[in-house]
Amino acid sequence: MERKSTKGFRMCFLCACMLLFILGASAAADNITPNQSIRDNETLVSGDGSFELGFFSPGNSTKRYLGIWYKVSPETVVWVANREAPLANHFGVLNVTNQGTIIILDKKPSIIWSSSGIRTAENPVVQLLDSGNLVVKDGNDSGSENFLWQSFDYPCDTLLPAMKLGKNFVTGRNWSLTSWKSPNDPARGQFSALIDPQGFPQLVVRNGSVILYRGGSWNGKRFTGTPDLEQVESSNLFKFEFELNKNEVYYKGEPYSSLLSRLVVNQSGFLERFVRTKQSNLWAGIYSAPRDECDYYAVCGVYAICITGNSPLCACLDDFEPKSPMDWNNSKWSGGCVRRTPFDCRSSVFTKRPGLKLPDTSHSFFNTSMSLAECQEECLRNCSCMGYANSDIRQGGSGCLLWFDDLNDMRVFTSGGQDLYIRMANSTSGPLVLSKNSSEKKKVAVIVIPVILVGVILGGLIFWMMWKKLRKQEHNRRNSYNIEGGKDGMELPIFDLNTIVKATDNFSNNNKLGQGGFGPVYKGTLPEGQEIAVKRLSKSSGQGLEEFKNEVGLIAKLQHRNLVRLLGFSIQGDEKMLIYEYMPNKSLDYFIFDQTKSKVLDWKRRMHIIGGIARGLLYLHQDSRLRIIHRDLKASNVLLDNDMNPKISDFGMARTVWGDQTEANTNKVVGTYGYMPPEYAVDGLFSIKSDVFSFGVLVLEIISGKKNRGFFHPDHSHNLLGHAWKLWTEERPLQLIDSNLGDCFAVSEVLRCIHVALLCVQTRPENRPNMSSVVLMLGSENPLPTPKQPGFFTERNLPESESYSSSHHESASVNEVTISEVQAR
Ligand SMILES: *[C@@H]1O[C@H](CO)[C@@H](O)[C@H](O)[C@H]1NC(C)=O
Ligand SMILES: *[C@@H]1O[C@H](CO)[C@@H](O)[C@H](O)[C@H]1NC(C)=O
Ligand SMILES: *[C@@H]1O[C@H](CO)[C@@H](O)[C@H](O)[C@H]1NC(C)=O
Ligand SMILES: *[C@@H]1O[C@H](CO)[C@@H](O)[C@H](O)[C@H]1NC(C)=O
Ligand SMILES: *[C@@H]1O[C@H](CO)[C@@H](O)[C@H](O)[C@H]1NC(C)=O
Ligand SMILES: *[C@@H]1O[C@H](CO)[C@@H](O)[C@H](O)[C@H]1NC(C)=O
Ligand SMILES: *[C@@H]1O[C@H](CO)[C@@H](O)[C@H](O)[C@H]1NC(C)=O
Ligand SMILES: *[C@@H]1O[C@H](CO)[C@@H](O)[C@H](O)[C@H]1NC(C)=O
Ligand SMILES: *[C@@H]1O[C@H](CO)[C@@H](O)[C@H](O)[C@H]1NC(C)=O
Ligand SMILES: *[C@@H]1O[C@H](CO)[C@@H](O)[C@H](O)[C@H]1NC(C)=O
Ligand SMILES: *[C@@H]1O[C@H](CO)[C@@H](O)[C@H](O)[C@H]1NC(C)=O
Ligand SMILES: *[C@@H]1O[C@H](CO)[C@@H](O)[C@H](O)[C@H]1NC(C)=O
């Protein structure tokens, strides 16, 4: 009672503080008029509080700049007005003239920066919009898009979601990004990112006036050189827009949800896209280019393709040869390749080369209403046409793109590449299909023969090793016991009770590792030094000796790298024990729910763990010869080996202790509240879908670092499932993420995991996917079904019996108590 009231008080206090904070923030205006100004210590804040405008000093510089930044922690500058003309002191001031020109004045006062503009206003108002756009408008037509001036027309190094990267053909204005000189100096650096409108418009990053990286032309879905952008889009994270008409060409990328986002050309010439939620304290990079050696402009020269990680890096197109074989031999690729046989203009054919980043389009012609056949005709008509392709890849491809110059800067992609039709001499090329086949046959032979050879050698080696191992096992047979678990007979060592007593120091409390669902677990050390984990089964199970042996034999057959390995067992009178391999890293709950230890588990590791658990569970459900329902999957039952590989423990235990109960109903509910699906906890019905539910809970716990049971949120009384569901329906799922994960996670992977987890915890078992679907969904990028509301949404609709004693359960998980003998209704 007392605890509750202090908590209540703290909550009120917190609310009051937040209210004060909000009031304080909203006191800042989002606009100024000519009779007002902004001094160095004052700011404008956009209406929704997302952006702030004011003076700042970048990095360790003491100079002052007027800028706009994302009002998050840490503040992230997205635009700088006087990037080339810093103020030396804090006496700068921003004024608006009566005509609507924004000016920055220094101490003298003299104007050091002003917004350009031809049109003037009657009642000018300068306003910082929620999009981060600083605009000058005439007070009379407020709300109109007809701004007299806007900062979005003068990008610095950052493209915000509502900003355009491209060119306005009417005004001649370029919307391009230019890097900062250094973290301490926002002046124009040497790198710029722009849409080059020459030929067919394409995205390029330049180093000075030299192209450094070419993102390529837009193919309807993405730039041809950025196949991984499609993944970002298909994860429902971003909407990318590309518009090309006679007035303008532009590219724009907006997140669908309330994510904050920015695209930056950084001081080393990389184009990077970041996202974050307002609450998290770091930006996550989701895309950066150039990504590899093949992304750099024209590394292989003309008529050559770059193959990442290949040796040699560059290869000539079919029927082309290196222009300078000597250079080519010395890894100087930039000279490119030349035709073996020049084509005769009147008689030439086309070879299709799939999987490419299309060549540089700065000397190309396009017509978006032509078909591919018309395109080929058009190409044949002009002797300087070297190739053609579809300009749009949507709906099977449409539009025409023709190259009137050497084909330059191509690379291959393992997925997401495009088809290019290359003009060839008739004699060498022959009909399209034939030429492709013959060259492919050659390639197949080149690949297949070595593969077969390697296979044969490896096979021999494996056979030899297995044979050796078998011989060794034969040798060790002395102390083995043959269990008639199946026709093939299973060997599993029996451990002498005395050995176990010695190994565990007579089951001393110091050696107790935890309390599993079916009895305590002790650490032990065998005389030879091998470390083991001993599970001492509760004596209550009325199982006979033979049944027990049978069960153990079956469990011993379950071998999977994501299941803990059973080393042996021990029986003496009532005492039944299972001996497992010892896992030095304890269990998952020991890491994920701990503020410090959870830092060890970065996103890659967590993803690895989620995948491992899914595969282990799939094996139990489907791939093993027995159909095992775990019934008590939870964080403390997932152990971690030295390399943080997850291993499910306590599988098959339900069978061992309670006998074969794979029917749909049981009178004994085995499991842990918080992980149990409604149909099981309430009605005692269980199926493999009950494990799927527990898996979903576990995934959400791994992502959030929070326990489902005992989850607390100041805004609502939902448990973790309810909380995740709320964030999902409000389109801000990323807020679920454990803050200890930092900024190093793949947003699309995290979103996919949350999505899959929500599918797993749906109320109705028939809506939940089975584990094979789960494994597939986690590993692919296909669209997923929409999840329905999860079961056990709030703590309140838990069953009554919450008040069991937990004092003697001293496992690593304090709040998660295994109920082993609750009678179901
Ligand atoms: C500033 O000018 C606006 C209109 O331009 C007017 O509404 C406001 O009262 C003026 N404020 C002061 C302090 O003069
Ligand atoms: C700038 O604005 C301030 C305050 O409105 C005013 O005192 C000052 O004269 C203005 N300076 C110029 C050059 O307009
Ligand atoms: C800003 O500084 C000036 C003096 O330079 C002071 O008069 C004014 O109150 C300050 N404003 C705020 C909001 O701190
Ligand atoms: C701070 O500025 C000095 C030059 O004034 C520079 O050498 C140094 O690298 C800067 N430090 C950081 C962290 O940017
Ligand atoms: C704007 O409104 C003022 C009065 O509020 C009026 O005098 C002026 O003519 C208007 N200007 C335009 C362009 O409508
Ligand atoms: C736009 O960029 C092109 C080349 O990138 C340059 O020639 C032109 O002057 C620029 N136009 C403006 C208005 O900056
Ligand atoms: C950019 O160009 C300069 C010379 O103009 C060169 O020294 C530098 O290495 C280039 N940077 C990159 C990232 O290519
Ligand atoms: C620029 O981006 C690349 C790629 O993301 C990154 O490795 C590099 O550290 C960044 N450089 C700066 C100065 O931020
Ligand atoms: C290039 O290397 C190949 C094989 O490594 C050799 O046959 C050829 O003569 C070399 N060419 C030149 C020009 O060095
Ligand atoms: C290719 O050459 C053959 C004969 O050499 C000719 O019959 C055929 O029409 C030519 N094909 C094209 C597309 O010119
Ligand atoms: C594009 O192709 C269509 C169909 O072939 C043609 O009608 C149209 O005139 C072409 N447009 C241009 C600009 O060449
Ligand atoms: C071929 O195309 C180029 C580039 O578009 C053009 O300059 C040339 O006149 C064309 N030649 C013919 C014969 O149409």
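On a predicted model such as this, the values are computed, not experimentally measured, just so you know. Counting starts at 1 for both ligands and their atoms, following the listed order.
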Checklist outcome for this item: Nearest heavy-atom approach of Cys294 to Arg411 is CB-CZ, 3.6 Å

Item to check | Enumerated ligand 8 atoms positioned under 4.0 Å from heavy atoms of Glu272 | outcome: 1 (C), 2 (O), 3 (C), 4 (C), 5 (O)

Checklist entry - Regarding Arg340 and the six-membered ring of Phe320, is the cationic atom NZ or CZ under 6.0 Å from the ring centre and inside 45° of its axis? => result no

Checklist outcome for this item: For Gln267, the ligand 8 atoms with a heavy-atom partner under 4.0 Å come out as 13 (C)

Checklist entry - What residue and heavy atom of the protein are closest to atom 13 (C) of ligand 8, and at what distance? => result Ser268 OG, 3.5 Å

Checklist entry - Going through the distances and angles, do Trp603 and Phe745 end up as a ring-ring contact (aromatic ring centres under 6.0 Å, His included)? => result CA-CA 5 Å; Trp603 174 249; Phe745 53 83; 7.1 Å; no

Checklist entry - Is atom 7 (O) of ligand 12 close to the protein, meaning a heavy atom under 4.0 Å from it? => result no

Next on the checklist: Consider side chain to side chain contact (heavy atoms under 4.5 Å, CB included). Of Ile305, Thr226, Asp409, which one does Lys357 pass it with?
Outcome noted: Asp409

Next on the checklist: I need the atoms of ligand 8 closer than 4.0 Å to a non-hydrogen atom of Ser288, numbered in the order shown.
Outcome noted: 4 (C), 5 (O)

Checklist entry - When you measure from atom 2 (O) of ligand 7 to every protein heavy atom, which one gives the shortest distance, and what is it? => result Asn207 ND2, 2.3 Å

Item to check | Atoms in ligand 7 with a heavy atom of Leu212 nearer than 4.0 Å | outcome: 14 (O)

Checklist entry - What residue and atom, counting heavy atoms only, is the protein's closest point to atom 3 (C) of ligand 12, and at what distance? => result Asn382 ND2, 3.5 Å

Item to check | atom 11 (N) of ligand 12 protein-contacted (non-hydrogen atom, under 4.0 angstrom) | outcome: yes

Checklist entry - Are Ser261 and Arg273 linked by a side-chain donor-acceptor pair shorter than 3.5 Å? => result yes

Checklist entry - For residues Trp283 and Thr76, is any side-chain donor paired with an opposing acceptor at under 3.5 Å? => result yes

Checklist entry - What is the closest protein heavy atom to atom 1 (C) of ligand 8, and at what distance does it sit? => result Asn266 ND2, 1.4 Å

Checklist entry - Can you say whether the rings of Phe242 and Trp218 are parallel (under 30°), tilted (30 to 60°) or perpendicular (over 60°)? => result parallel

Next on the checklist: I'd like to know if the side chain of Thr361 and the backbone of Phe200 have a donor-acceptor N/O pair within less than 3.5 Å.
Outcome noted: yes

Checklist outcome for this item: Nearest non-hydrogen protein atom to atom 4 (C) of ligand 12, with distance, is Phe404 CG, 3.9 Å

